[in-house]
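Quick notes on the structure that follows.
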Amino acid sequence: MMQLRPATRDELGYLVALARNPEIAPYLAPGTEERLEETLEERAVLGEPFGLFVVEAHGGEALGAVALRAGSARSGICNLRQLMVDPMARRRGVGTAAVRLVCHRALLEHGCHRVQSESFGDNHAAHRVFERVGFVREGVRRLAYLRDGEWVDGVLHGLLAGELT
Ligand SMILES: CC(C)(COP(=O)(O)OP(=O)(O)OC[C@H]1O[C@@H](n2cnc3c(N)ncnc32)[C@H](O)[C@@H]1OP(=O)(O)O)[C@@H](O)C(=O)NCCC(=O)NCCS
């Protein structure tokens, strides 16, 4: 059983370390590390369902994080970002639970219309997580990002309220 709670400023060090982890950093959007604080503060400005959340096990142990940022307020669009699971806690359903919880909150509790995310083309773990939660693969931005001197695709996933599984 996993739960989400809003990250606190005291946890920024933990979150920055996670974003710098060599098993996480290559899969995050460039500049994620610098944007963690901004995401955390978005909650103070916009309130639910936005912000940066720590994913924790039932006993309170932090296992990772996920963020929801405002896209279009008029169209009820949220951007899922900064999904990170501690490499020690991988393949136990933590990522899936985190994405499901944050989407449930946005779409079913707060009336948002759509959650969307973009991930690199070689991030099969993230694609699997999104698809397990009901996201539809909507398209590919071909060779849209330069990562370590190599061009990689951006894969777009989107989830509408009735599609959450
Ligand atoms: C993506 C990530 C969050 C997944 O977290 P996780 O807790 O290991 O995911 P889960 O345990 O919920 O696994 C969900 C599914 O993905 C599959 N999966 C996990 N890691 C995988 C991998 N490396 N390759 C292929 N499939 C993988 C699992 O087998 C599972 O599928 P199944 O139900 O068919 O068995 C984690 O790998 C991570 O932090 N990666 C680095 C950061 C990142 O990629 N963030 C997303 C940016 S968009």
Side-chain angles (χ1 to χ4, degrees), residues 1-5 7 11-40 42 49-71 77-107 112 114-148 150-159 163-165:
M1 187 61 178
M2 240 62 77
Q3 54 196 31
L4 288 186
R5 58 173 176 73
E11 288 169 313
L12 268 176
Y14 162 73
L15 295 163
V16 167
L18 213 50
R20 284 185 184 154
N21 185 299
E23 291 184 54
I24 295 181
Y27 297 104
L28 298 178
T32 294
E33 199 187 306
E34 296 80 50
R35 278 200 296 273
L36 288 167
E37 188 171 5
E38 186 186 309
T39 310
L40 192 143
E42 188 163 283
F50 302 108
L52 178 59
F53 301 91
V54 169
V55 191
E56 59 179 29
H58 195 52
E61 182 197 358
L63 301 176
V66 63
L68 198 71
R69 304 210 60 179
I77 296 179
C78 308
N79 293 311
L80 191 148
R81 303 242 201 269
Q82 300 160 0
L83 172 64
M84 322 186 258
V85 171
D86 187 321
M88 307 293 286
R90 295 264 174 92
R91 299 192 95 136
R92 289 180 0 211
V94 177
T96 304
V99 171
R100 189 174 281 134
L101 286 167
V102 85
C103 292
H104 187 279
R105 197 179 281 213
L107 299 172
C112 297
R114 171 184 165 85
V115 179
Q116 59 191 20
S117 184
E118 182 169 11
S119 45
F120 291 130
D122 60 358
N123 195 346
H124 305 297
H127 302 164
R128 185 75 193 117
V129 166
F130 293 134
E131 283 153 22
R132 276 192 69 181
V133 174
F135 279 78
V136 173
R137 184 178 169 121
E138 296 178 326
V140 177
R141 294 214 263 201
R142 295 169 307 133
L143 303 185
Y145 299 98
L146 189 58
R147 188 186 58 186
D148 292 335
E150 249 185 88
W151 291 103
V152 288
D153 291 342
V155 174
L156 306 167
H157 279 91
L159 177 76
E163 296 170 341
L164 184 65
T165 58

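All values reported here derive from a predicted model rather than from experimental measurement. Atoms within a ligand are numbered from 1 in the order they appear, just like the ligands themselves. Counting begins at 1 with the first residue of the sequence.
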Candidate with minimal heavy-atom separation from [atom], of [options]:
| atom | options | result |
| --- | --- | --- |
| atom 18 (N) of ligand 1 | Arg91, Met2, Arg92 | Arg91 |
| atom 21 (C) of ligand 1 | Ala89, Ala125, Ala126, Ala25 | Ala125 |
| atom 36 (C) of ligand 1 | Arg132, Arg128, Arg90 | Arg90 |

Next on the checklist: Working note: Cys78 + Phe50, criterion side chain to side chain contact (heavy atoms under 4.5 Å, CB included); need CA distance, chi angles, decisive distance, verdict.
Outcome noted: CA-CA 8 Å; Cys78 308; Phe50 302 108; 3.8 Å; yes
Checklist entry - Looking only at heavy atoms, which two atoms of Arg105 and Pro49 are closest? And how far apart? => result CG-CB, 4.2 Å
Next on the checklist: So which atom in Leu15 and which in Ala65 form the shortest heavy-atom distance, rounded to 0.1 Å?
Outcome noted: CD2-CB, 3.5 Å
Heavy atom of the protein closest to [atom] (residue, atom name, distance):
| atom | value |
| --- | --- |
| atom 13 (O) of ligand 1 | Thr96 OG1, 4.0 Å |
| atom 48 (S) of ligand 1 | Ser119 CB, 3.5 Å |
| atom 11 (O) of ligand 1 | Gly93 N, 2.7 Å |
| atom 47 (C) of ligand 1 | Tyr27 O, 3.6 Å |
| atom 9 (O) of ligand 1 | Val129 CG2, 3.7 Å |
| atom 44 (O) of ligand 1 | Asn123 ND2, 2.7 Å |
| atom 39 (O) of ligand 1 | Val85 N, 2.8 Å |
| atom 7 (O) of ligand 1 | Gly95 N, 2.8 Å |

Next on the checklist: Does the protein come close to atom 2 (C) of ligand 1 - that is, does one of its heavy atoms sit below 4.0 Å from that atom?
Outcome noted: no
Next on the checklist: With a heavy-atom distance limit of 4.0 Å, tell me whether Val94 approaches ligand 1 through its side chain, its backbone, both, or neither.
Outcome noted: both
Checklist entry - Are the charged groups of Glu38 and Arg69 less than 4.0 angstrom apart, N to O? => result yes
Next on the checklist: Closer than 4.0 Å to some heavy atom of Met84 - which atoms of ligand 1 meet that?
Outcome noted: 39 (O)
Checklist entry - Which pairs with one or both residues in residues 83-103 pass side-chain hydrogen bond (donor to acceptor under 3.5 Å, both in side chains), sequence neighbours excluded? => result none
Next on the checklist: Hydrogens and angles aside, do Gln116 and Arg114 bring a side-chain donor and acceptor to less than 3.5 Å of each other?
Outcome noted: yes
Item to check | Aromatic plane relationship, Phe135 with Phe130 - under 30° parallel, 30 to 60° tilted, over 60° perpendicular | outcome: tilted
Checklist entry - For Ala62, what residues pass the side chain to side chain contact (heavy atoms under 4.5 Å, CB included) criterion, not counting sequence neighbours? => result Tyr14, Val54
Checklist entry - Checking His127 side chain against Phe120 main chain: does a donor-acceptor pair fall under 3.5 Å? => result yes
